[in-house]
Amino acid sequence: MSSIRAELIRALTRGNLALLALMTALVAFAMVKAGPQGHPAVQGFKDASIFLATFLMGRAATTAASDYRAGTLRTWLISQPSRMITYAGKLAASLAVACIGGLVLIGVAWGLSALLGPPVAAAPAATMTGQFLLACVSLTLFGHATGILTRSVPAALTITLGWILPAEAVLSGSLTQPDHWLPGLLLRSVTDGVTPTGMTAPTVIAHALGPFLILEAIALVTFFRRDATCSTDPP
C-alpha cells in the first residue's frame, strides 16, 4: 500500500493535472458540438471516449518508461522489500489514476448532459460508465506493459499509438469480424454503445482485457529477469 500511495502522490503533478484539464475540455467540446450535428449531447461523449482512453494509455506508457530514463526506479527498488511489490504498486497506481480520471470525466459528462438536454437515465448511465472504464483500464494496461518492455518513452508511445491507430486499421481489412479480435476496434465499438454481433458482456471483457493482460504478464517476467534499472534510451 505504501508503494501505491507514493505513486499516487507522485501523480499529482502539473503535467497530469494539465492532461486532465485537456481531456475535460475535449469532453465539453464534443458534447457541445453534438447538438448542432443533430445528436444528443451524450453522443459527443461516446465519440470522444476512445480518444480519452488513449490519452490515459499514453500517460501510463510515459510513466512506466520514464523511471528508467530518470533513474528513479533504483530508488523504488531499494525502498521496497521486493520487485513484485514495486511492480504491483506502480501498476495499481496507474490503474487507479486511470479509473479516477475516468470517473471525473464521467461526472463532467453527466453534468453537461443535464445542462445541454435531457439527463441520461440511471441504467444507461451506469452501462456507459462501465464501458468507458473498461476502455480506460484496458488501454492503461497496454501503455504500462509497453513502457516496461521498451524502457523508452518515444518507443512506448510509438508502439501504443501505432497499434491503436494505423496498425489495427490496416489489419481490420484482412480479418473476419475484426472488432472481435482487435482490442482497439472492440473498445471503440463498446464505448460507442455497440456490442459486436455474437458477443456478450463477459466475452467483450475477455477480448478487451485478455491481450493486454498477457502483455502485462510478459512485462512482469522481463522486469524480474532483466536489469530493472537500465534504460534503453540513448544517453
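Positions are given from 1, in the same order as the sequence printed here. Small disclaimer: the values here were computed from a predicted structure and weren't measured.
With hydrophobic clusters built from ILVMFWY side chains whose heavy atoms lie under 4.5 angstrom apart, Trp110 does not share a cluster with Phe29. Residues Leu185 and Ile159 are members of separate hydrophobic clusters, defined by side-chain heavy-atom contacts under 4.5 angstrom among Ile, Leu, Val, Met, Phe, Trp and Tyr. Linking ILVMFWY residues whenever their side-chain heavy atoms come closer than 4.5 Å, directly or via other members, leaves Val194 and Leu139 in distinct clusters. Linking Ile, Leu, Val, Met, Phe, Trp and Tyr whenever their side-chain heavy atoms come within less than 4.5 Å leaves Leu52 and Leu103 in two separate clusters. If you chain together hydrophobic residues whose side chains sit under 4.5 Å apart, Val204 and Leu213 fall into the same group.
Taking OG of Ser49 as the reference point, atom CZ of Arg188 lies at 10.5 Å (rounded to 0.5 Å). The CZ atom of Arg59 sits 10.0 Å away from the NE2 atom of His144 when rounded to the nearest 0.5 Å. In this structure, OG1 on Thr160 lies 9.0 Å from CG on Leu165, to the nearest 0.5 angstrom. Distance check: Ile106 CD1 to Cys136 SG gives 8.0 Å after rounding to the nearest 0.5 Å. Distance check: Glu216 CD to Leu149 CG gives 8.5 Å after rounding to the nearest 0.5 Å. Atoms CG and CG, on Leu134 and Leu209 in that order, are 5.5 Å from each other to the nearest 0.5 Å.
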(message) Run the side chain to side chain contact (heavy atoms under 4.5 Å, CB included) test on Leu116 and Val42 for me, step by step, so that the C-alpha distance in whole Å, both residues' side-chain angles and the decisive distance to 0.1 Å come before the verdict.
(response) CA-CA 9 Å; Leu116 298 173; Val42 72; over 6 Å; no
(request) Starting from the C-alpha separation in whole Å, work towards a yes-or-no answer on side chain to side chain contact (heavy atoms under 4.5 Å, CB included) for Leu215 and Leu141. (result) CA-CA 8 Å; Leu215 190 65; Leu141 285 171; over 6 Å; no
(request) Applying side chain to side chain contact (heavy atoms under 4.5 Å, CB included), run through Leu56 and Met23 and close with a yes or a no. (result) CA-CA 10 Å; Leu56 293 171; Met23 292 191 292; 3.9 Å; yes
(message) With side chain to side chain contact (heavy atoms under 4.5 Å, CB included) as the criterion, how do Leu105 and Leu20 come out once you've worked through the C-alpha distance, each side chain's angles and the decisive distance to 0.1 Å?
(response) CA-CA 8 Å; Leu105 296 171; Leu20 181 60; 4.3 Å; yes
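Although no hydrogens or angles enter the test, the distance criterion places a donor-acceptor pair under 3.5 Å between the side chain of Thr62 and the main chain of Gly58. Panel note: side chain Glu168, backbone Trp163; no donor-acceptor pair is recorded below 3.5 Å. Ser174 contributes a side-chain N or O that, together with a main-chain N or O of Leu171, makes up a donor-acceptor pair within less than 3.5 Å. Between the side chain of Thr63 and the backbone N or O of Ala60 there is no donor-acceptor pair closer than 3.5 Å. Between the side chain of Ser138 and the main chain of Ala135, no donor-acceptor pair closer than 3.5 Å is present. Checking side-chain atoms of Thr127 against main-chain N and O of Ala123 turns up a donor-acceptor pair under 3.5 Å.
For the pair Ser189 and Thr195, the minimum side-chain heavy-atom distance is 4.5 Å or more. Annotation: side chain of Thr140 is not in contact with side chain of Val137 (no heavy-atom distance under 4.5 Å).
Across every non-hydrogen atom of Gly44 and Ala30, the tightest pair is O-CB, 3.3 Å. Residues Ile164 and Met57 share a closest heavy-atom pair of CG1-SD, 3.8 Å. When all heavy atoms of Ala61 and Leu157 are compared, the pair lying nearest together is CB-CD2, 4.3 Å. Taking every heavy atom of both residues into account, Cys99 and Leu133 meet most closely at O-CD2, 4.0 Å. Nearest approach of Ala109 to Phe45, heavy atoms of both residues: CB-CD1, 3.6 Å. The heavy-atom pair separating Ile148 from Ala219 by the smallest distance is CG2-O, 3.7 Å.
Using a 3.5 Å distance cut-off with no hydrogens or angles, the side chains of Gln131 and Asp192 do not pair a donor with an acceptor.
Aromatic ring orientation, His207 versus Trp181: tilted (interplanar angle from 30° to 60°).
Identified under the side-chain hydrogen bond (donor to acceptor under 3.5 Å, both in side chains) test for residues 18-41, with sequence neighbours left out: none.
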